[in-house]
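Below: one structure, written as structure tokens.
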Protein chains: 2
Amino acid sequence: MSQRRRSRRASKRQARAPVFAALGDETRLSLVAKLCSGRPYSISQLTRGSKLTRQAITKHLRVLESVGIVHSVRSGRESRFEFDPQPMEGIKEYLDFVSAQWDQALSRLKAFVEE
Amino acid sequence: MSQRRRSRRASKRQARAPVFAALGDETRLSLVAKLCSGRPYSISQLTRGSKLTRQAITKHLRVLESVGIVHSVRSGRESRFEFDPQPMEGIKEYLDFVSAQWDQALSRLKAFVEE
DNA sequence: TTAATATGCAACCCGGAGGTTGCTTAAAAT
DNA sequence: ATTTTAAGCAACCTCCGGGTTGCATATTAA
């Protein structure tokens, strides 16, 4: 593979770790699971049914927002959070890359054994 | 969907956050990228070319090992680490679930607008 | 106008994550 | 037999993540 492709992938990978990290928490996975239904939720709505404080939930939402998984829209006195799919599509690409590498490895092994 | 399915998915999600968290670090993403080629690497080999200490790399490997992404095989004086694909397949399922939810949301929106 | 609701901001606590250094032990190489 | 090389263990440091409480502010409801 060319040098350009390599560095391009490396620079993309640079941006993926924070997305994985943002998903590395049960609370935030739950929030994403709710928000990916497409319906916007206010902070208070997302707090109801959770054992955590509103501020804790807010912090988690800010983490998700900082990597672009959600964004907030202020509406009157409440701010509604909405899901944004792009970052998660991004890390899917990484996982697909890893899978592809692994499949190639298995193929090489198989070819070696069968020869 | 049935209650059983819901709880089964919830229990799976329980196990996914640590996997995401394990991938939420540049150094560990690099390690995974190397190891998914199928070739086993010793700790020293993985340390060469990194700016970190051997012990730092070791800690990262233990994190990956703790969620089953890699496992180590002792061979003489060195311990070789090998990639293990299952956990990453697991989080793919979660990402697919989120995508499916989101696609449904878009479909509903489209149907609503067009009616 | 007053009370209730939704949010923001700041300080603070605590534990763990990421990293280092130093020392020890085990294998391999010379 | 001695010296490299590979790795494990433990102590230590610093900083950030997750969470809380307290107070201030802006909207909405009564």
Side-chain angles (χ1 to χ4, degrees), chain A residues 13-35 39-83 87 91, chain B residues 13-35 39-83 87 91:
Chain A
R13 190 175 52 214
Q14 202 72 10
R16 281 169 189 159
V19 178
F20 279 116
L23 296 175
D25 179 282
E26 298 297 340
T27 302
R28 290 196 291 266
L29 282 187
S30 300
L31 291 173
V32 168
K34 275 185 195 168
L35 288 168
R39 210 187 119 191
Y41 286 87
S42 74
I43 297 178
S44 293
Q45 288 173 333
L46 291 170
T47 301
R48 298 189 211 292
S50 163
K51 288 165 187 169
L52 299 184
T53 315
R54 171 179 56 88
Q55 285 83 345
I57 299 292
T58 301
K59 281 194 182 181
H60 284 298
L61 288 169
R62 298 300 171 203
V63 172
L64 293 173
E65 191 177 30
S66 73
V67 298
I69 292 180
V70 304
H71 68 275
S72 68
V73 178
R74 190 78 190 229
S75 163
R77 68 177 159 183
E78 64 186 6
S79 76
R80 298 209 182 91
F81 280 80
E82 300 176 359
F83 179 68
I91 65 176
Chain B
R13 192 173 51 213
Q14 203 72 9
R16 280 167 190 160
V19 179
F20 279 115
L23 296 175
D25 180 281
E26 297 297 341
T27 303
R28 290 195 291 267
L29 282 188
S30 299
L31 290 173
V32 169
K34 275 185 196 169
L35 288 167
R39 208 187 120 189
Y41 285 87
S42 74
I43 297 178
S44 293
Q45 287 173 334
L46 291 170
T47 301
R48 297 189 212 292
S50 163
K51 287 164 188 170
L52 299 183
T53 315
R54 172 178 57 87
Q55 285 84 345
I57 299 292
T58 301
K59 282 192 181 181
H60 284 297
L61 288 169
R62 297 300 172 206
V63 172
L64 293 173
E65 191 176 29
S66 73
V67 299
I69 292 180
V70 304
H71 67 275
S72 68
V73 178
R74 189 80 193 229
S75 164
R77 68 176 159 181
E78 64 187 7
S79 76
R80 298 208 181 92
F81 279 80
E82 300 176 0
F83 179 68
I91 65 174

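Lettering of chains follows the sequences in order, A, B, ..., and the numbering in each one begins at 1. These values consider heavy atoms only, across backbone and side chains, with no hydrogens, waters or symmetry-generated copies.
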- Query: What string of B, S and - do you get for nucleotides 22-30 of chain C 5' to 3' if you count protein non-hydrogen atoms under 4.0 Å?
  - Reply: B----BS--
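Evaluation of the salt bridge (Lys or Arg N to Asp or Glu O under 4.0 Å) rule for B/Arg80 yields B/Glu78 as partners, not counting sequence neighbours. Listed by chain and residue number, A/Tyr94 satisfy the ring-ring contact (aromatic ring centres under 6.0 Å, His included) test with A/Phe20 (two or more places apart in sequence, or in another chain).
Residue A/Arg16 holds its CZ atom at 9.0 Å from CG of B/Leu29, rounded to the nearest 0.5 Å. The CG atom of B/Leu31 sits 8.5 Å away from the OG1 atom of B/Thr47 when rounded to the nearest 0.5 Å. Here NE2 of B/His71 is found 10.0 Å from CZ of B/Phe81. Values are rounded to the nearest 0.5 Å.
Residue B/Thr53 has no polar side-chain atom (N or O) positioned under 4.0 Å from OP1 or OP2 of C/dG19.
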- Task: Take A/Leu35 and A/Leu61 through the test side-chain contact (heavy atoms from CB on, under 4.5 Å) and record every step on the way to the result.
- Result: CA-CA 11 Å; A/Leu35 288 168; A/Leu61 288 169; 4.3 Å; yes
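Residue pairs meeting the side chain to side chain donor-acceptor pair (under 3.5 Å) criterion with at least one partner in residues 49-70 of chain B, sequence neighbours excluded, are B/Arg28-B/His60, B/Arg62-B/Glu65, B/Glu65-B/Ser72.
Heavy-atom distances under 4.0 Å link DNA chain D to B/Arg62 of residues 58-68 of chain B, given in residue order. Contacts with DNA chain C (heavy atom under 4.0 Å) in residues 43-52 of chain B: B/Leu52, listed by number.
Shortest non-hydrogen contact noted between B/Val67 and B/Pro18 is CG1-O, 3.7 Å. Among all heavy-atom pairs drawn from B/Lys34 and B/Arg48, the shortest one is NZ-O, 4.1 Å.
B/Leu23 has its side chain within reach of B/Ile91: a pair of non-hydrogen atoms, C-beta onward, lies under 4.5 Å apart.
Distance alone, capped at 3.5 Å, places no donor-acceptor pair between the A/Ser79 side chain and the A/Ser75 backbone.
Note: OH (B/Tyr41) to C1' (D/dA6) measures 18 Å, nearest angstrom. The nearest whole Å value for the distance from the CG atom in B/Leu23 to the P atom in C/dA17 is 15 Å. Here the P atom of nucleotide D/dG8 and the CD1 atom of B/Ile57 are 13 Å apart, to the nearest Å.
Among the heavy atoms of the strands, none lies under 4.0 Å from B/Arg80.
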